[in-house]
Amino acid sequence: MLTTESIMEALREVKDPELNKSLVSLNMIRNIQIQGNDVSLDVILTIRGCPLKIKIQEDVENAIRQLGAERVTVTFGAMTDEERAALSASLRAEQHASREKAPTQSGKAPSTPGIPQTNYIAIASGKGGVGKSTVTVNLAVALARAGKKVGIIDADIYGFSVPDMMGIEQRPTVIDEVILPVERYGVKVISMGFFVEDNAPVVWRGPILGKMLRNFLHEVHWGELDYLLLDLPPGTGDIALDVHQMIPQSKEIIVTTPHATAAFVAARAGAMALSTTKHEILGVVENMSWYTDRNGDKEYVFGRGGGEKLAESLNVELLCQIPLGAPGNVLEDPEYSPSVYSTNHPTGKLYDELARKVTQAITT
Ligand SMILES: Nc1ncnc2c1ncn2[C@@H]1O[C@H](COP(=O)(O)OP(=O)(O)O)[C@@H](O)[C@H]1O
Ligand SMILES: [Mg+2]
């Protein structure tokens with residue numbers, strides 16, 4: 001039977017994809033009109049031009065059709081400033097409450113008040129260009145494939161590349177002062193790149209940078225997360241140190257190439273993690289380990305043994321070796337991204353294996 005009540009009941013199950021809350025509890029459903037088998041209603045969005053409008057419309061229409069409606073007409077509106085402020089305040093209050101309570105999930109390291117309660121994994125390297133961001137992105141996607149709730153903070157403030165690597169063209173929704181991360185491949189992402197116009201160079205210095213990172217932790221509405229990965233800037237500079245100190249409970253993964261020099265420089269990043277910040281190192285990932293030629297033979301383009309040597313010197317495990325090779329995505333594919341390997345790709349499988357090891361290391 002089509003009644004206002006049955007429609008509201010059905011829409012209770014439909015969630016705002018960004019806030020992961022029911023449209024009904026968000027008070028986004030208004031003005032339901034029923035005429036025979038035709039239903040019309042207003043859906044009040046948090047902001048005009050909400051990027052996920054189409055998804056919301058589909059979900060609303062499907063839910064009402066299942067009740068037997070033939071035609072469903074959705075008219076979109078936007079919250080008033082007062083409504084938005086009230087929502088923002090309630091999101092902040094909820095965020096605040098969730099960050100004060102003791103961690104419940106197994107494996108979660110002791111918490112720092114005010115920041116999301118989750119397992120932090122910082123991805124570090126000695127120098128740039130070794131594949132730190134590639135590893136961050138693909139580990140995150142592999143963890144999400146395994147059913148985990150995952151976020152990435154692209155903390156490489158000057159060299160941000162995560163949005164581009166994941167093929168993200170959207171900007172985050174901002175409700176008053178609450179920032180909603182952008183979701184791609186099931187991973188929530190926040191990056192300096194979202195707040196910079198047209199790839200302009202970032203010229204902010206010291207204090208502002210620290211403040212941005214703090215905001216990424218404090219002001220972003222992450223919701224519930226199992227893992228929050230941080231793509232750190234390369235090396236042992238101030239920003240890297242800042243991040244370490246903001247999140248004392250973070251664990252680390254160190255990325256290197258097999259080249260002896262890269263491994264030597266990476267050892268310094270590892271040493272900083274251990275001595276200055278007392279972060280536990282989960283292990284080493286060696287990237288660009290070899291290239292498989294036409295005949296199936298491995299060519300060790302960047303030398304051999306760097307990862308193993310680094311792992312040895314840090315007294316941790318060499319978690320995996322990732323060969324050279326592009327993901328082979330096609331530009332026409334709506335799921336295209338320059339750097340994400342699918343689970344069908346041999347390298348994607350290596351990342352699935354890495355995700356399994358990381359989960360095991362953290363939950364035991
Ligand atoms: N295993 C790999 N095979 C081929 N290209 C790779 C691989 N890993 C990284 N790359 C490429 O190398 C470049 C540097 O990688 P990136 O992840 O940006 O490094 P970093 O974050 O350490 O600076 C990028 O263009 C990236 O696409
Ligand atoms: Mg990078």
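Note that the structure is predicted; figures quoted are calculated from it, not measured.
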Single-linkage hydrophobic cluster, 4.5 Å side-chain cutoff, [X] and [Y] together:
X    : Y    : answer
V162 : W222 : yes
V130 : V265 : no
V39  : I56  : yes

Review point. Can you name the closest pair of heavy atoms from I115 and M246 and give their distance?
Key: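 Reported closest heavy-atom pair: CD1-O, 4.1 Å.
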
Exercise for review: Taking atom types as modelled, find out whether S133 and T136 have a side-chain donor-acceptor pair closer than 3.5 angstrom.
Suggested key: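 On atom types as modelled, these side chains do not qualify, holding no pair under 3.5 Å.
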
Point to revise | Candidate pair E286 and T256, rule side-chain hydrogen bond (donor to acceptor under 3.5 Å, both in side chains), full reasoning | key: CA-CA 5 Å; E286 186 187 83; T256 183; over 6 Å; no

So, are [X] and [Y] salt-bridged, with charged N and O less than 4.0 Å apart?
X    : Y    : value
R356 : D352 : no
D38  : R71  : yes
R92  : E219 : yes
R30  : E83  : yes
E9   : R12  : yes
E280 : K251 : yes
K349 : E353 : no
E169 : R184 : no

Exercise for review: Could you check N20 against E18 for side-chain hydrogen bond (donor to acceptor under 3.5 Å, both in side chains), going step by step and ending with a plain yes or no?
Suggested key: CA-CA 6 Å; N20 198 29; E18 287 182 302; over 6 Å; no

Exercise for review: Start with the C-alpha gap between F76 and D42, add the side-chain angles, then the distance that decides, and say whether side chain to side chain contact (heavy atoms under 4.5 Å, CB included) holds.
Suggested key: CA-CA 6 Å; F76 284 107; D42 296 348; over 6 Å; no

**Study point:** Step-by-step side chain to side chain contact (heavy atoms under 4.5 Å, CB included) determination, L228 to N119
**Key:** CA-CA 6 Å; L228 186 49; N119 293 300; over 6 Å; no

Review point. Is the number of heavy atoms from other residues, nucleotides or ligands under 6.0 Å of Y300 OH greater than 12?
Key: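 Above 12, so yes.
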
Practice item. Would you check, one step at a time, whether the test side chain to side chain contact (heavy atoms under 4.5 Å, CB included) holds for T75 with V43? Key: CA-CA 6 Å; T75 307; V43 175; over 6 Å; no

